[in-house]
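Okay, so here's the structure we're looking at.
Counting convention: from 1, in listed order, for ligands and their atoms alike.
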Amino acid sequence: MDIAMAGAGLSCAVIGRELAEQGHKITIFEARSHIAGNCHTERDDKTDVMVHVYGPHIFHTDNEEVWNYVNKYAKFQPYTNRVKSTTQGHVYSLPINLLTINQFFDKTLSPKEAKYFIESKADMSITDPQSFEDQALRFVGQDLYEAFFKGYTKKQWGLDPKALPASILKRLPVRFNYDDNYFSHQYQGMPLKGYTAMVANILNHHNIKINLNTAFNKSQVADYDHVFYSGTIDGFYDYEYGRLPYRTLDFVKKYAEGDFQGCAVMNYGDEDVPYTRISEHKHFATWEEHKNTVYFEEYSRECEPEDIPYYPINLLEGNELIAQYRAKAAEEDKVTFVGRLGTFRYLDMDVIIKEALELANHFKI
Ligand code: UDP
């Protein structure tokens, strides 16, 4: 079968590879000059640091099959994401853990004491939190919410946290011990040679042909037996019902000698600091040594037509537009929409791979 993949990010790479193994002929169309989508990595000219060009990507999963899959295509280095947050004039540890609580409230609480203490601060009248704000007030209370989440979230999403779903905050754990691992997953790591090298290995198969700098055009659907489309779903339909809302990111690149901030990711909780976070990429590659350093201030804003869409904005109230596009997509028999942009969901890399493997395993025309 002749199959086209629109995009060379993780979704299409994994589906393409699996179908190529099954004997199908895969043609990939990628509008950018490189593969790997938004997890693309490349070495910085000046410092030789491996840069996550579209922002930090840390691989973490609880799914053993997915972990085994990525380890087939890349050597992974142990990496634990330990994020810090600067807020109200102090530096704290994230996700909120016992050190954060004790430092923030100037206490020496034990795990049990901290749990009671936070419960005394939390709004226990909220029984079934639906919004981001309710979720925060219910589980950490007003003070921690305002210090760590309110300002950051307004900057990140451009919206009041009351309008956002609780699921966004549920990405982050709250811990009553000193574990400051940002993720609660069993497996975590970084590909030794970067994500682009991993995706290149996934795509390295005699049945896969890659066209870079070549956007897929909808009229080409007729040329193939099937198409996997990882571009924006609204773009595929020429924005017929209107544009779906996304946030885009601006990265301001800066250099320093030695070590700039001492960690990979520093979040900024205060609303009056214009960026959400600063990432210093040499700290993602703990096994490498670099004399100098490159870091990126990250600014989030509304995605305009010419911008790169990063985060789909899912509102608590839902979004009629996406329902309309999904209904239309469900009628397609030759096109399958995949990935973050194709399905308009906030997806981590491991979920992308899991779904891609499932799609490929069940693929039938
Ligand atoms: N968040 C926050 N303060 C932080 C970190 C995260 O309020 O210091 C909120 C914010 O709304 C963010 C969400 O939690 O969008 C999920 O955070 P995560 O670190 O998973 O975001 P990502 O790295 O995917 O941008």
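The Tyr311 neighbourhood of ligand 1 comprises atoms 22 (P), 24 (O), 25 (O), with distances under 4.0 Å to a heavy atom of that residue. Close approach of ligand 1 to Phe149 is summarised as follows: ligand atoms under 4.0 Å from at least one heavy atom of the residue are 2 (C), 3 (N), 7 (O). Every atom of ligand 1 with a heavy atom of Gln156 under 4.0 Å away is listed here by number and element: 15 (O).
Tyr182 OH, 2.5 Å is the protein heavy atom nearest to atom 19 (O) of ligand 1. With hydrogens left out, the protein atom closest to atom 10 (C) of ligand 1 is Thr153 OG1, 3.4 Å, a heavy atom. At the top of the distance list for atom 13 (C) of ligand 1, counting protein heavy atoms only, stands Ile168 CG2, 3.5 Å. Among protein heavy atoms, atom 4 (C) of ligand 1 sits closest to Asn267 ND2, 3.4 Å. When only non-hydrogen protein atoms are considered, atom 22 (P) of ligand 1 lies nearest to Tyr346 OH, 3.3 Å. Among all non-hydrogen protein atoms, the one lying nearest atom 14 (O) of ligand 1 is Leu172 CD1, 3.8 Å.
A 6.0 Å sphere centred on OH of Tyr237 holds more than 12 heavy atoms belonging to other residues, nucleotides or ligands. Around NZ of Lys162, the count of heavy atoms belonging to other residues, nucleotides or ligands within 6.0 Å does not exceed 12. Other residues, nucleotides and ligands place more than 12 heavy atoms under 6.0 Å from the CG atom of Asn68.
Nearest heavy-atom pair across Ala36 and Thr196 is CB-OG1, 3.7 Å.
For the pair Arg32 and Tyr54, the cation sits on the ring face: its NZ or CZ lies under 6.0 Å from the ring centre, inside 45° of the axis. Because its NZ or CZ atom is both nearer than 6.0 Å to the ring centre of Phe236 and within 45° of the ring axis, Lys218 counts as a cation-pi partner of that residue.
Contacts between Arg277 and ligand 1 below 4.0 angstrom, taking non-hydrogen atoms only, involve the side chain exclusively. Residue Trp157 touches ligand 1 through its side chain alone, judged by heavy-atom distances below 4.0 Å.
Geometrically, ligand 1 and Leu94 share no nitrogen or oxygen pair separated by less than 3.5 Å. Distances between N or O atoms of Tyr152 and those of ligand 1 include no value under 3.5 Å.
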#### Entry: Chi angles and distances behind the side chain to side chain donor-acceptor pair (under 3.5 Å) call for Glu320, Gln324
CA-CA 6 Å; Glu320 274 174 34; Gln324 282 176 292; over 6 Å; no
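With hydrogens and angles ignored, the 3.5 Å screen pairs no side-chain donor or acceptor of Asp160 with any backbone N or O of Ala163.
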